[in-house]
Amino acid sequence: MKTIKTLFWLIILALLGTLVYQNQSYFLATPLLNFDLKIPGWRWTLPPLQNIAYFGICFVLGLILAGIKGLAAGFGFKKQIKKSNAALAALQKEKDALKAELDVFKNDPYIKKEIEHKAALDGKEDAPDQDLNA
């Protein structure tokens, strides 16, 4: 997967390089960008930069924003995993407690005799029904 990812980025960079090389007159031009909010006495002009610099700055800022969003999502997933693991641990403790309680009931001789007696009675009651249907 890492090889495919590297190959993908190389293809993208090659295409961008081809685009810039074939349009050098546009990308190497140095326009002035003005920022005017129609406030008296306030006007800001960006220093003259080539168009390629503006594209590069926007591309890098986009990568930084995407990385920050990815980190935020990663931290959210870590918090969710910790919460789920805590819930699983609590359920495991509850299961172990219930299993221990069930073992107490199964191993108690008085309860065991009563359960066997009920099972025997249920077996006798079911037997006549089976004879009638046969």
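The hydrophobic cluster containing Leu7 does not contain Trp9, counting ILVMFWY residues as joined when their side-chain heavy atoms lie under 4.5 angstrom apart, directly or transitively. Tyr54 and Ile52 fall into different hydrophobic clusters, where Ile, Leu, Val, Met, Phe, Trp and Tyr are joined by side-chain heavy atoms under 4.5 Å apart, directly or via other members.
Distance check: Ile4 CD1 to Phe8 CZ gives 11.5 Å after rounding to the nearest 0.5 Å.
Counting Ile, Leu, Val, Met, Phe, Trp and Tyr side chains that sit under 4.5 Å apart, directly or through other members, Phe77 stands alone, with no cluster partners. As a member of the Ile/Leu/Val/Met/Phe/Trp/Tyr network built from side-chain separations under 4.5 Å, Ile81 groups with nothing else and remains a singleton. Through direct or indirect side-chain contacts shorter than 4.5 Å among Ile, Leu, Val, Met, Phe, Trp and Tyr, Met1 is connected to no other residue. Leu10 belongs to no hydrophobic cluster with other residues, because no ILVMFWY side-chain heavy atom falls under 4.5 Å from its own, directly or through intermediates.
Here the shortest heavy-atom pairing between Pro31 and Asn51 reads CG-OD1, 3.2 Å. In terms of heavy atoms, Ile39 sits closest to Asp36 at N-OD1, 4.4 Å.
By the side chain to side chain donor-acceptor pair (under 3.5 Å) test, Thr45 pairs with Asn34, sequence neighbours left out. Residues satisfying the ring-ring contact (aromatic ring centres under 6.0 Å, His included) criterion with Phe55, sequence neighbours excluded, are Phe27. Taking Trp42 as the reference, Phe35 meet the ring-ring contact (aromatic ring centres under 6.0 Å, His included) condition, with sequence neighbours excluded.
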Atom pairs and distances, donor-acceptor, side-chain atoms in residues 86-104, under 3.5 Å, two or more places apart:
| unit_1 | atom_1 | unit_2 | atom_2 | d |
| --- | --- | --- | --- | --- |
| Gln92 | NE2 | Asp96 | OD1 | 3.4 |

List, one per line, each side-chain donor-acceptor pair under 3.5 Å for residues 13-25, sequence neighbours excluded.
| unit_1 | atom_1 | unit_2 | atom_2 | d |
| --- | --- | --- | --- | --- |
| Thr18 | OG1 | Ala14 | O | 2.8 |
| Asn23 | ND2 | Leu19 | O | 3.0 |

List the atom pairs, donor and acceptor, that lie under 3.5 Å between side-chain atoms in residues 56-70 and the rest of the protein, sequence neighbours left out.
none

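Applying the side-chain hydrogen bond (donor to acceptor under 3.5 Å, both in side chains) definition to pairs two or more places apart or across chains, none involves residues 76-88.
Shown here is Tyr26, whose OH atom has no more than 12 heavy atoms of other residues, nucleotides or ligands within 6.0 Å.
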